[in-house]
Trainee: 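Sharing a structure, written as structure tokens. Questions coming.
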Amino acid sequence: MDESLPVGGVIRKMWTVEAGRYREHLLRLDADSRRNRFGGDVSDEFLASYAALAPNIDTVIHGFFVNGTMRGAAELRPIGAPMAREAEAAFSIEQPWQSHGVGSALLARTLLAARNRGITSLHMACLADNERMQQLARKFDAELRFDFGSTVGEVATPHPTPMSVAREIVADSHGFATALLDVQSRLLRPA
Ligand SMILES: CC(C)(COP(=O)(O)OP(=O)(O)OC[C@H]1O[C@@H](n2cnc3c(N)ncnc32)[C@H](O)[C@@H]1OP(=O)(O)O)[C@@H](O)C(=O)NCCC(=O)NCCS
């Protein structure tokens, strides 16, 4: 997949056992990023509970990892009835890694995952004054339809094809190798 990421960074799907890493990432968000991500001020306790509940079987979370630490995340969460084909997407990137193309790469992965799950309508919970998120969405004009009149954008994702499914499998196999290396290097690190 064509992604230009900061040196040493990788994007891969998060495993459900990695809820702790997700919590640490959310707790490192600065006040503005927290507000933009959650639509208001939220406490550390809220973030801890959220991170524990967020990874579930229906939710796809892509993480941006640098040296094994999660520095960014994109959630794709189905909403409504199981066959409703609607989902919500939300992004969080820690301040030092913002404006380096990570959000663009995470949105590309999220759109691919949405497409392969038959999701036709993707809502992005985004505050009306969040210029950067709106700029980011505009970059994907060809793949999504956005209404900036409201705080929620609508994305029209095309149908899955064998090629789009293959692209996700290839991206996942790279991510799997990286995750294993990550675990190995932590096991080999002196205590
Ligand atoms: C919003 C967010 C996801 C964007 O991710 P990012 O990695 O910073 O964005 P990118 O570097 O991929 O840039 C995407 C586009 O935004 C625009 N952009 C980048 N930095 C910007 C800035 N400081 N101000 C305004 N627009 C900016 C550019 O158009 C850029 O595209 P380009 O570099 O090709 O010109 C990220 O900044 C973030 O997590 N913010 C805090 C939480 C949040 O706002 N979440 C969104 C609500 S769910």
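Ligands are counted one by one from 1 in listed order, and the atoms in each one are counted from 1 as well. Being a predicted model, the structure only gives us computed values, none of them experimental.
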Trainee: In a check of side chain to side chain donor-acceptor pair (under 3.5 Å) between E168 and each of R109, K13, R115, which one passes?
Mentor: K13

Trainee: Write out each pair where an N or O from ligand 1 and one from the protein are under 3.5 Å apart, with the distance.
Mentor:
residue: ligand 1; atom: 7 (O); partner: G103; partner atom: N; Å: 2.7
residue: ligand 1; atom: 8 (O); partner: S99; partner atom: N; Å: 2.8
residue: ligand 1; atom: 11 (O); partner: H100; partner atom: N; Å: 3.2
residue: ligand 1; atom: 11 (O); partner: G101; partner atom: N; Å: 2.8
residue: ligand 1; atom: 12 (O); partner: S104; partner atom: N; Å: 2.9
residue: ligand 1; atom: 12 (O); partner: S104; partner atom: OG; Å: 2.5
residue: ligand 1; atom: 20 (N); partner: S99; partner atom: OG; Å: 2.8
residue: ligand 1; atom: 23 (N); partner: R132; partner atom: NH2; Å: 3.4
residue: ligand 1; atom: 34 (O); partner: K139; partner atom: NZ; Å: 2.9
residue: ligand 1; atom: 39 (O); partner: I93; partner atom: N; Å: 2.7
residue: ligand 1; atom: 44 (O); partner: N130; partner atom: ND2; Å: 2.8
residue: ligand 1; atom: 45 (N); partner: F91; partner atom: O; Å: 2.9

Trainee: Identify whether NZ of Lys or CZ of Arg in R71 sits under 6.0 Å from the centre of the six-membered ring of F65 and within 45° of that ring's axis.
Mentor: no

Trainee: Stepwise, does the salt bridge (charged side-chain N to carboxylate O under 4.0 Å, His left out) test hold for E24 with R21?
Mentor: CA-CA 5 Å; E24 297 306 316; R21 286 174 152 190; over 6 Å; no

Trainee: Check salt bridge (Lys or Arg N to Asp or Glu O under 4.0 Å) between D129 and all other residues, then give those that pass, not counting sequence neighbours.
Mentor: R35

Trainee: Specify whether Y22 and Y50 have parallel, tilted or perpendicular ring planes, treating 30° as the upper limit for parallel and 60° as the lower limit for perpendicular.
Mentor: tilted

Trainee: In Å and rounded to the nearest 0.5 Å, what is the CZ to CG distance from R117 to L112?
Mentor: 8.5 Å

